[in-house]
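What follows is a set of notes on a single structure, which appears directly below.
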Amino acid sequence: MFQLIAGLTLAFATATVVHAAEPVPLPALGADATQTSVSGISSGAYMAGQYQFAHSSSVIGAAIIAGGPYGCAEAMYGSFLPAPARLAMNASQSINGCMLATLQWYGIPDAAGLAERARSLAADARIDPIANLKSHRVYLFSGGSDAIVAHDVVVAAAEVYLRVGVPKIQIKTGPNLPAGHGFVAEPKSADCERSAKPFIVNCGYDQAGDLLAHIYGPLLPKSAISAGTLSEFDQRPFTKDESTAGLADTGSVYVPNACRETPGCRIHIAFHGCQQNRNASGDAFVVGTGFAAWADTNRLIILFPEARADALVNPLGCWDWWGYTGFDYLTRAAPQIAAVNRMAEHLAKRSQL
């Protein structure tokens, strides 16, 4: 169990993790929210895609790591069923069609249908206009030894992006590595092919730097020594009265010192996967992914929102990509998407101090 220790500051890798007895408020830093990017692994990859489609006016790119296409888990005839049956149908499709790829004979995932579904939601103004996606840059990755999400599912994600207008030249596929199911980091070690907690695999490849460079263009070299602070912050003000949001009480944010001193830093939102929240895997995701070193030198604030495990509907602490928070989960009205967007908007505010 992740413990909160009052006043204790621990050094991990290139970041400083500040644990406090009570989480601090998310700072208002005058960030440039129109230059937001998202990334995620597994359920976080699906959430990154959902956030990107919902808020494509402010998002400029996304990285989908071991995840599939937007809307994949939404069962075709589910809307005609009572809510419990609809949720069960979505959950079954999410596992069999959108992770294991065992429903391909039934046309799942259906890239053409999913692209049309996105257009329909945009036409109803439930997500931002699809035309925004034409300027986005997209990074996709599937590990050769991934035992949890099939390669074909990630390929289907690429096809959906093409069908909604993202030019092929703006879509990058990560390198062919024998990686297991996990975010890939340096240095190379024996766990490269592993598909188990904490789902950080070391394959001698800096995935954080590669995906950020694809989305934002050439980066300045990463820092060797931390020049910022990774802190816990209180997520509760951003869920408002939405009891179904499924967010933990706290998330994490990495703020380079330069972003506290001078407004205008960009925001990257990194969504963890199942069993990667702090109760399950400690600080492995927020520290082991290596985003902080790139953030220091490239004026990036890294937001790490956190989903909460729930024994009844979400025992593994996954982000909602099948509807456990409600069936608006693909849209701007989704409780999790709305809460994370409020976090980004708050980072864009200027402090009154």
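For the salt bridge (Lys or Arg N to Asp or Glu O under 4.0 Å) test, no residue two or more places apart in sequence or in another chain qualifies with Glu193. Qualifying side chain to side chain donor-acceptor pair (under 3.5 Å) partners for Arg126, counting only residues two or more places apart in sequence or in other chains: Asp328. Gln275 meets the side chain to side chain donor-acceptor pair (under 3.5 Å) test with no other residue; sequence neighbours excluded. With sequence neighbours left out, Ala348 forms a side chain to side chain contact (heavy atoms under 4.5 Å, CB included) with Ala33. Every side chain to side chain donor-acceptor pair (under 3.5 Å) that Ser57 has, sequence neighbours left out, goes to Asp128, Asn132. The side chain to side chain donor-acceptor pair (under 3.5 Å) test applied to Tyr216 returns Ser37, not counting sequence neighbours. Every salt bridge (Lys or Arg N to Asp or Glu O under 4.0 Å) that Lys222 has, sequence neighbours left out, goes to Glu186, Asp206. Remark: Phe141 pairs with no residue by the ring-ring contact (aromatic ring centres under 6.0 Å, His included) rule, at least two apart or across chains.
A donor-acceptor pair is defined here as one N or O able to donate and one able to accept, closer than 3.5 Å; no such pair exists between the side chain of Glu306 and the backbone of Asn277. Asp296 contributes no side-chain N or O that, together with a main-chain N or O of Asn298, makes up a donor-acceptor pair within less than 3.5 Å. With hydrogens and angles disregarded, a donor-acceptor distance shorter than 3.5 Å links the side chain of Thr102 to the backbone of Asn96. Here the side chain of Ser120 pairs no donor or acceptor atom with the backbone of Glu116 at under 3.5 angstrom. Not one N or O on the side chain of Ser42 forms a donor-acceptor pair closer than 3.5 Å with the backbone of Gly44.
For residues 136-233, the disulfide bond (SG atoms under 2.5 Å apart) pairs, not counting sequence neighbours, are Cys192-Cys203. Counting only residues at least two apart or in different chains, disulfide bond (SG atoms under 2.5 Å apart) contacts with residues 64-172 comprise Cys72-Cys98. Sorted by first and then second residue, the pairs that involve residues 336-347 and meet salt bridge (charged side-chain N to carboxylate O under 4.0 Å, His left out), not counting sequence neighbours, are Glu242-Arg342.
Distance check: Ser92 OG to Leu87 CG gives 11.0 Å after rounding to the nearest 0.5 Å. For the atom pair Leu211 CG and Ser39 OG, the distance stands at 5.5 Å (nearest 0.5 Å). To the nearest 0.5 angstrom, Leu133 atom CG is 5.5 Å from Gln52 atom CD.
Between Arg278 and Ser252, the side chains place a donor N or O and an acceptor N or O closer than 3.5 Å (distance only, hydrogens not considered). Of the N and O atoms on the side chains of Tyr139 and Asp210, not one donor lies less than 3.5 Å from an acceptor on the other residue. Using a 3.5 Å distance cut-off with no hydrogens or angles, the side chains of Asn90 and Tyr324 do not pair a donor with an acceptor.
Partner of His272 under the ring-ring contact (aromatic ring centres under 6.0 Å, His included) criterion, out of Phe304, Phe183, Trp319: Trp319 alone. The ring-ring contact (aromatic ring centres under 6.0 Å, His included) test with His268 is passed by exactly one of Tyr254, Phe291, Trp294: Phe291.
Within 6.0 Å of the CG atom in Asn176, the count of heavy atoms belonging to other residues, nucleotides or ligands does not exceed 12.
Leu220 belongs to no hydrophobic cluster with other residues, because no ILVMFWY side-chain heavy atom falls under 4.5 Å from its own, directly or through intermediates.
In this structure, Tyr51 and Phe271 have tilted ring planes: the angle between them lies in the 30° to 60° band.
Ring centers of Phe199 and His181: under 6.0 Å apart, within the cut-off.
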